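Quick caveat, the model's predicted, so the values are computed rather than measured.
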Amino acid sequence: MSELIHPRSGRQSRRVLAIRGGALGDFILTLPALQALRESCEDLQLLTRPAYGIFAREFDLVSGWRDLEAPDIAMLHVRGAPADPSLRNWLGSFDRVVSWVPDPDGIFQEQIRRCGVPDFCQGDWRCAGSGPAAEQLAQAVPGLRLSMVNPVVLSGSPHLWAGSDAPWIALHPGSGSPRKNWPLDCWLQVMQSLQQREPGIRWRIVTGEAEEERLNDLYALLKKEGLPWEPLHGLPLTDLVRRLQECRLFLGHDSGVAHLAAACGVPCRILFGPTDPAVWAPLGNHVRVLRADQGNWSMLLPEAVIKWLDDPGPLLRGAGPATS
C-alpha cells in the first residue's frame, strides 16, 4: 500500500473521507479515484447518497459511509452554522477530506475545516477541463498518480462474454437527458438486425427514473417487434451490476448506466450525440464510442451503427474488446 502524503506536513493520510453526490454517472466516474484512495490509506469513508453508499460498501470500495442528505450534513452548507457535536468529532477524526460536492462559495469547505480537518482537497465537480472526466476527478487528490486510475473497478461474477454462449445483450435506450438519446426506432432496427444474425440473443432492457414516463410505450414497441427481452427497471445498483456482468455486450448512450457497465468490465458500445466523448466516455480498451456527425442524431443512421458494431470484427461471439 502506497501512502498518500500530506503535501505540507509530510504526515501520512491514514484516514480519508471522500464526499460525492450527484447523478449516477457523476458518481461512477469518481469510482477509479475512490479505488485508488482505498488502496492508498488505511481507512476510506464515504459521505454520499444512501444508494451509492450501500453500493460502494458492497464492492469494498470504502470501509463505511454516511448519508450526505442527512439534516446535520445540510448545516455544513450554511456559513457559521454550528456543527452537531457528534458530526464535528467524526469529521475531525480524518486526516484528509476529498470532496467533489459543488461549493462555489467555499462555505462547505470552510465549515468542514472548522471541525478540525487538517487537509481538504476540492475536486472539480464540473469536469471543466479537456481530458477524460475520470482523470479530472482523480486530480483532486495530491499525490494520486493518474496511472493509478483503473477504469474497471467492480469485482464480482466472471464476465461471460468472452468466447461463451451467454445469450444476453444489455441495452439502455435512455439517459438523464432526452437530447442525449438516439431515437428508439433506430435502436429497434439495430436490435432486429443483430437478432436476425444470431437468433439466440436475448435482450436485457435497462430503464430507470428517466424512462418512467415513456415506459409503457417502450414496452409496447418491444412486444410488437417480437424480440426476446426482459425488463431491468429500477434495480438497486448492486443487483444491476450482477445482471450486467452476465452480458456479453452493453449498448447505450452517454449515461450513468453506460458508465456502470464499463466499470463492470463489460464490453461497451456507446453512442454519443451532443456531449463530448473525449471528456465523458468511459475509460478502458473494452469501450468503443461512436459520435453522431456534428453531434446531430439525425446524421447517425441505423445502418452506420450496425456496420460500426462489426468493425473490426463480429462482436456477438467472443470477439475481443476494441478501442474507440
Side-chain angles (χ1 to χ4, degrees), residues 2-41 43-49 52-53 56 61-70 72-84 87-88 90-149 153 259 279-280 283:
S2 59
E3 298 280 1
L4 293 180
I5 304 300
H6 189 295
R8 291 179 295 278
S9 69
R11 187 176 65 182
Q12 292 178 341
S13 297
R14 299 182 181 277
R15 184 167 157 82
V16 176
L17 173 66
I19 310 177
R20 183 55 155 155
L24 176 61
D26 301 323
F27 177 71
I28 299 299
L29 281 166
T30 316
L31 294 188
L34 290 181
Q35 183 187 52
L37 281 169
R38 176 73 157 147
E39 295 172 354
S40 304
C41 67
D43 181 22
L44 176 64
Q45 299 283 322
L46 181 62
L47 188 56
T48 190
R49 297 174 62 183
Y52 302 163
L61 292 168
V62 297
S63 307
W65 64 278
R66 190 161 176 163
D67 186 359
L68 179 60
E69 301 169 348
D72 57 348
I73 302 299
M75 296 304 295
L76 295 175
H77 293 278
V78 180
R79 175 168 281 138
D84 178 87
L87 176 62
R88 174 185 289 274
W90 183 70
L91 288 171
S93 70
F94 292 100
D95 301 298
R96 170 177 283 171
V97 169
V98 183
S99 174
W100 292 276
V101 169
D103 188 25
D105 299 320
I107 295 173
F108 190 65
Q109 178 178 169
E110 176 185 320
Q111 290 289 92
I112 288 178
R113 286 186 177 276
R114 289 180 60 197
C115 294
V117 174
D119 186 24
F120 187 102
C121 304
Q122 177 64 61
D124 182 4
W125 66 89
R126 301 160 298 181
C127 294
S130 57
E135 293 186 354
Q136 293 189 54
L137 292 167
Q139 290 172 351
V141 187
L144 187 65
R145 302 186 307 276
L146 291 187
S147 61
M148 296 171 67
V149 176
V153 299
H259 287 288
V279 176
W280 298 109
L283 298 175

*asked:* Using every non-hydrogen atom in the two residues, find where V279 and G129 come nearest and quote the distance to one decimal.
replied: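 That would be CG2-O, 3.9 Å.
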
*Partner of L76 by side-chain contact (heavy atoms from CB on, under 4.5 Å), out of D84, I107, L91*: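 Going through the options one by one, the only one that passes is L91.
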
Within a strict 4.5 Å, meaning less than it, do heavy atoms of the [X] and [Y] side chains meet?
X    : Y    : value
C41  : L44  : yes
Y52  : L68  : no
V16  : D95  : no
L47  : W65  : no
Q35  : L61  : yes
P102 : R126 : no
L137 : C127 : yes
V141 : C121 : no

*Sorted by first residue and then second, give each side chain to side chain donor-acceptor pair (under 3.5 Å) pair with at least one member in residues 97-109; sequence neighbours left out.*
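Qualifying pairs, neighbours excluded: Q109-R113.
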
*For W90, enumerate each residue passing the ring-ring contact (aromatic ring centres under 6.0 Å, His included) test, keeping only those at least two apart in sequence or located in another chain.*
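So W90 forms a ring-ring contact (aromatic ring centres under 6.0 Å, His included) with F94.
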
Partner set under side-chain hydrogen bond (donor to acceptor under 3.5 Å, both in side chains) for [X], not counting sequence neighbours:
X    : value
E110 : R79
D26  : none
S93  : R15

Salt bridge (charged side-chain N to carboxylate O under 4.0 Å, His left out) partners for [X], two or more places apart:
X    : answer
R88  : none
R114 : none
D67  : none

Exam field: side chain [X] to backbone [Y], donor-acceptor pair closer than 3.5 Å:
X    : Y    : answer
E69  : R49  : no
Q45  : V62  : no
Q136 : D124 : no
Q122 : A140 : no

_So, taking the atom named CG in L87 and the one named CD in Q111, what distance separates them when rounded to the nearest 0.5 Å?_
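Between atom CG of L87 and atom CD of Q111 there are 10.0 Å.
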
_So, taking the atom named CD in E39 and the one named CG in L37, what distance separates them when rounded to the nearest 0.5 Å?_
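Taking CD in E39 and CG in L37, the distance rounds to 9.5 Å.
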
*Taking atom types as modelled, find out whether T30 and R20 have a side-chain donor-acceptor pair closer than 3.5 angstrom.*
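Result is yes, a qualifying pair exists.
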
*Going by distance alone, is a donor N or O of one side chain under 3.5 Å from an acceptor N or O of the other, for T48 and R66?*
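Result is no, nothing qualifies.
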
*Dump the intermediate steps for side-chain contact (heavy atoms from CB on, under 4.5 Å) on E135 and L283, then the final yes or no.*
CA-CA 9 Å; E135 293 186 354; L283 298 175; 4.1 Å; yes

*asked:* Check the orientation of F108 and H77. Use parallel for under 30°, tilted for 30 to 60°, and perpendicular for over 60°.
replied: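 Rings of F108 and H77: parallel, under 30°.
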
*Would you check, one step at a time, whether the test side-chain contact (heavy atoms from CB on, under 4.5 Å) holds for L46 with L17?*
CA-CA 6 Å; L46 181 62; L17 173 66; 5.7 Å; no

